[in-house]
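By convention here, the first residue in the shown sequence is residue 1.
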Amino acid sequence: QVQLVESGGGLVQAGGSLRLACAASVRAGYDYAMGWFRQAPGKEREVVAAINRSGSTTYYTDSVKGRFTISRDNAKNTMYLQMNSLKPEDTAVYYCAASSRIGVRTHDTMYDYWGQGTQVTVSS
């Protein structure tokens with residue numbers, strides 16, 4: 001069983017930055033691919049970014065390319081999402097997730113464990 005805890009959400013003005021962190025309860029490095037998802041009110045959950053077990057391969061949804069960076073520190077069992085140039089449309093609850101499958105996973109059905117979510121609100 002893997003427990004995931006997100007932190008770093010909050011309220012920020014458009015153009016600002018936030019850094020989300022996802023701490024895993026067990027050794028997630030090299031055992032789990034991981035990803036960040038978000039869900040805005042009235043919308044379906046969508047993948048934001050994903051990373052493979054070693055951190056050598058990443059994926060970004062088009063709307064965040066060039067603004068967000070996903071990374072992981074396997075020694076600390078922690079994954080990060082650096083979010084720059086934030087826009088009001090980035091407002092959502094952000095979730096981290098872990099997948100026991102190999103490679104980068106972009107569909108939420110491929111993930112086995114989920115965090116409780118952290119709210120990100122971007123004001124205009």
Side-chain angles (χ1 to χ4, degrees):
Q1 187 78 9
V2 178
Q3 293 182 331
L4 304 172
V5 179
E6 302 97 336
S7 61
L11 173 65
V12 64
Q13 289 188 334
S17 299
L18 283 174
R19 188 192 195 202
L20 304 184
C22 173
S25 61
V26 297
R27 178 179 174 270
Y30 296 103
D31 290 339
Y32 295 92
M34 300 188 75
W36 287 100
F37 291 76
R38 66 186 179 188
Q39 187 167 21
K43 295 187 177 181
E44 293 187 354
R45 185 167 57 189
E46 63 171 350
V47 64
V48 176
I51 191 166
N52 68 341
R53 296 180 178 188
S54 67
S56 62
T57 304
T58 58
Y59 165 87
Y60 298 94
T61 195
D62 286 346
S63 62
V64 308
K65 284 181 180 177
R67 300 189 297 123
F68 291 12
T69 302
I70 188 172
S71 62
R72 64 190 298 167
D73 185 337
N74 288 338
K76 296 182 178 180
N77 295 329
T78 303
M79 175 180 65
Y80 304 97
L81 185 67
Q82 178 66 43
M83 305 186 295
N84 298 329
S85 302
L86 282 161
K87 304 175 181 180
E89 50 264 44
D90 295 317
T91 295
V93 177
Y94 283 71
Y95 299 90
C96 70
S99 171
S100 58
R101 294 161 179 83
I102 295 174
V104 174
R105 298 293 170 177
T106 61
H107 201 286
D108 57 4
T109 60
M110 295 290 104
Y111 284 81
D112 306 292
Y113 303 101
W114 293 83
Q116 82 289 347
T118 185
Q119 177 70 46
V120 172
T121 303
V122 184
S123 63
S124 57

Contact summary for Asn84 and Ser17, nearest pair of heavy atoms: OD1-OG, 2.9 Å

Test log, rule side chain to side chain contact (heavy atoms under 4.5 Å, CB included), inputs Met79 and Cys96: CA-CA 8 Å; Met79 175 180 65; Cys96 70; 3.6 Å; yes

Ring-face cation of Arg19 near Tyr80 (centre distance under 6.0 Å, axis angle within 45°): yes

side-chain contact (heavy atoms from CB on, under 4.5 Å), paired with Val48, selected from Phe37, Tyr95, Tyr94: Tyr94

Pair Lys65-Tyr59, side chain to side chain contact (heavy atoms under 4.5 Å, CB included): steps then yes or no: CA-CA 9 Å; Lys65 284 181 180 177; Tyr59 165 87; 6.0 Å; no

Side chain to side chain, Asp108 and Trp114, heavy atoms closer than 4.5 Å: yes

Donor-acceptor pair between Asp112 and Ser100 side chains, under 3.5 angstrom: yes

Heavy-atom pair of closest approach, residues Ser85 and Arg67: O-NH1, 2.9 Å

Separation of Ser123 OG from Leu86 CG (nearest 0.5 Å): 10.0 Å

Non-hydrogen atoms of Ala14 and Pro88 that approach each other most closely: CB-CD, 4.1 Å

Nearest heavy-atom neighbours spanning Glu46 and Arg38: OE2-NE, 2.7 Å

Exercise: identify the closest heavy-atom pair between Leu4 and Ala98: CD1-N, 3.7 Å

Any side-chain donor near an acceptor of the partner, Thr61 and Ser63, under 3.5 Å: no

Distance, nearest 0.5 Å, that separates CD of Glu6 from CG of Leu81: 11.0 Å

Which atom of Val93 lies closest to which atom of Gly117, heavy atoms considered: CG1-CA, 3.9 Å

Test item: Lys87 and Val122 side chains (from C-beta on) under 4.5 Å apart, heavy atoms: no

Derivation of the side chain to side chain contact (heavy atoms under 4.5 Å, CB included) call for Arg101 and Tyr111: CA-CA 8 Å; Arg101 294 161 179 83; Tyr111 284 81; over 6 Å; no

Rounded distance (nearest 0.5 Å) linking atom CD1 of Ile51 with atom CZ of Arg72: 6.0 Å

Donor-acceptor contact below 3.5 Å, side chain Thr118 vs main chain Ser7: no

Reported CD1-to-OG1 distance for the pair Ile70 and Thr57, which is rounded to 0.5 angstrom: 11.5 Å

Derivation and outcome, side chain to side chain contact (heavy atoms under 4.5 Å, CB included), residues Val120 and Leu18: CA-CA 9 Å; Val120 172; Leu18 283 174; 3.9 Å; yes

Reported OG-to-CD distance for the pair Ser124 and Gln13, which is rounded to 0.5 angstrom: 9.5 Å

Same apolar cluster (I L V M F W Y, side chains within < 4.5 Å links), Val2/Met34: yes

Phe68 ring center within less than 6.0 Å of Trp36 ring center: no

Atom pair SG (Cys22) and CG (Asn77), whose distance is rounded to the nearest 0.5 Å: 10.0 Å

